[in-house]
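One structure is given here, and the rest of the page talks about it.
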Amino acid sequence: MKMDLIVVYAPTHTSGFKVLDVFDERGLIEYQIVEQAASRFLSEDRLAEDPIHPVFDQMELLRNFSMECSELSGHASARLMSNEELNQILLSVDHVPEFVEQINKNGQLLENPNSNNGKGLWGKLFN
Amino acid sequence: MLGTDMDVASNHGLTRDDDRIFPGENWFFYWKTSASLWQSKMALCPGTTIIVPINWSFHSDTGETYDFAQHRPETHLKKLCDIAGELGKEIIFFVPVSPVPYAPNGGIPHLLARNHSLTQEGIVFSVVDQEESLHKIYSFFDTRVFQAYSRFIKTLHRYVVDSGINALFWGFESLYWNGRESVSFIEDSSKVFDQNFTRFLKAKLENDPKSLEGGAITPRPEEETALKQEFTQTIRDFYAEELKKTMGQYLEGIVGVPFLGTSPLEMMTRVFKQESSAFYSKQMTMSMTRNLLPSTILLPQNIKQKSIGLMSRDLINSNYLKWRLSPGRYEGEEASLYGPLRFFQLISVKSNAQNIWIRNGIYQYLHAKFPWCYEELVDQRFEFSEDNNLSKVLVISGSSIDQNQFHQMLKYFMAGGGVILDRSGIQLPLLKKLEVFLMENSLKVERVQFLTNIHHITLGEGRMIIIDGQQLVQTPAEEKMAFWEKLVSLFNLKQISLDLPEGIECFWRARPARPQELKYEEVRKLSLFNTTSYKKNIVIQLPKSFVFSRLIEPSQVQVKTRQGTIELELLPQVQVSIEVGVFS
């Protein structure tokens, strides 16, 4: 099933936002993509703290990071979801197909501005 | 008594419905079928031993009242044993001491399912089962859960005594693999954990005001992790001790069961069906090096039909299950049961188990030259006794030993055993004691500088090598391999060196020679599994002290044997085992 790139985050104690998980329709994510996308918005020191779970001070940066990830991974859009939202989905379903269906409906949908008929920059280059 | 053909189980030919009831490793989910079908279903189980996990939530909705054969026939465990007896099979009951991943709510009664267990990332801990159900795990740090658990165990014990059930009972803790670390399903980061952790800190402080740095209830971050681990271990022990105390002599012990495919990190991979059989094979073999009982029961049927299924049937069902759960119950011919072949015993503590052996390079060396031929004790104590088999080389991390372990190590050495001590992180008084020990016994110490300071000491058959692993950390990988090759060669271990192509998993087992095999010192069995989708060629050179005995399950395998050489061609997803005799 084709879906948006999902970015799951959790609020930190210091009013920041920590990226917990980024996964595509295969349930996989290239850590390299997360690191590369995060490097656009974080200083080297901040990035070095935990490159695959970057922390952003503002929601706007997290949104931009999510779109960058979707761009780099060839997705037309990203879905930004807090750990609480993911938990609510998990608690509302008992089977895997329902779970997949729900994560495709919930969260904040972020359209990739570079998308081309839903294929993204990656799509433009390779399709 | 268990039969010799006991667990030669095969899930081949089981229907999807049967797979729900017998999901693997001879586990039987009695609550998933009608009691009137137990006989016909159990008759299908190919082995003679059946593992029956007792489903707490099936016997009680509330945690207050219990049904053991009073109302529903499916709760009649005595009847289950009787039917198994009529079929010539034996039941081993498994009683959980932690949440379980194969039942809704982690197996706790419905009314107690109030506080979700959370992962470190604050996500509800959920597990995907073999039927694509999502099971949410609930916190065992909830005091109501512990109180109800205590009632459950007491009721179970009374039922076992009153009904006259005569079966083996094992406690089991559900685990998952996180890299090289096995993690208990009890571990939790929920609010209920935090609340009780605060109570634990208060109690600790009241008990001993000096126990916390600065006497503060809010520990420093670096101290907090260790305290949380201590608290988690305390609660794990509570459940385990409750079971041991209540079941008494009925309980054989407690075994860790890593359920493959249940780590929070693997959840999304499983949700999107991206798992591969090959990924789980390492988790299975690693489990055996830790004396755990790996389980594939939560993996989907299509994965179990691949190499992981072959490994489960050949390595786990065929004798590891018996070797692990019923040691000492076999006499005569059965005493020559195959057990894992082990040349080393690695001893470390959990806090450094992940890295210590990788940093000094012995782990990589063992993987290349003695794959899975070692036992890894993490947070377990090594006890020396006169009956100790001295054939294993004890590999000890200095940072993990206290005075007692230090003495046990010296006793092992003096009795003629081999020891490798990585002294990095060792307490200074112990180092001083070691120096005194060497002086008092006038032991000659050979000192060599080769990548690190090496001290080589011999006493009769005993051999001790002391290194400083810290000095090896920056050494290039190839030099580390050469270093360990040189060091290990001093112990004169007899093993066949394997150069396996990528995607071939192997596992060695050994048994004593039988009366008709007196020419051999022991017999070894090498099992090879092709986990790939490609044909693979393997060449095995037999050193002089080994002789080829026979090939087991050679179908779909092309074999050529010449003097001292075995050439194999394995088709994708197949296995073969080779038996070799070892001369003294």
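Predicted model, so just to flag it, every value in this text is computed and none were measured. Chain A is the first sequence line, chain B the second, and so forth, proteins listed ahead of strands; every chain is numbered from 1.
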Checking B/V271 against chain A: side chain, backbone, both or neither under 4.5 Å from a heavy atom? both

Roughly how far apart are A/L91 CG and B/S126 OG, rounded to 0.5 Å? 7.5 Å

With a cut-off of 6.0 Å (strictly less than), are more than 12 heavy atoms of other residues, nucleotides or ligands near NZ of B/K306? no

Honestly, the part of A/V8 sitting under 4.5 Å from a heavy atom of chain B is side chain

Contacting region of B/S133 [heavy-atom separation from chain A under 4.5 Å]: both

Is it the case that more than 12 heavy atoms not belonging to A/R63 sit under 6.0 Å from its CZ atom? yes

Looking only at heavy atoms, what is the nearest atom pair of A/N87 and B/L118, with distance? ND2-CD2, 4.3 Å

Chain B heavy atoms under 4.5 Å from A/I6: which part of the residue, side chain, backbone, both or neither? neither

Can you establish whether the number of heavy atoms outside A/Q32 located under 6.0 Å from its atom CD is more than 12? no

Gap separating the CG atom of A/N83 from the CD1 atom of B/I123, nearest 0.5 angstrom: 5.0 Å

Is it true that atom CD of B/Q120 has more than 12 heavy atoms of other residues, nucleotides or ligands lying nearer than 6.0 Å? no

Side-chain touch B/F272/A/V96, heavy atoms, less than 4.5 angstrom: no

Heavy-atom pairs under 4.5 Å with chain A - which of B/H116, B/H135, B/K273 has more of them than the others? B/H116

Counting only heavy atoms from other residues, nucleotides and ligands, does the tally under 6.0 Å from CZ of B/R72 exceed 12? yes

What distance do A/F23 atom CZ and B/M267 atom CE have between them, rounded to the nearest 0.5 Å? 8.0 Å

For the student: nearest non-hydrogen atoms of A/L90 and B/K136, plus distance: O-NZ, 2.9 Å

Can you name the closest pair of heavy atoms from A/D21 and B/M268 and give their distance? OD2-CG, 4.1 Å

So which part of A/I103 gets closer than 4.5 Å to some heavy atom of chain B, the side chain, the backbone, both or neither? side chain

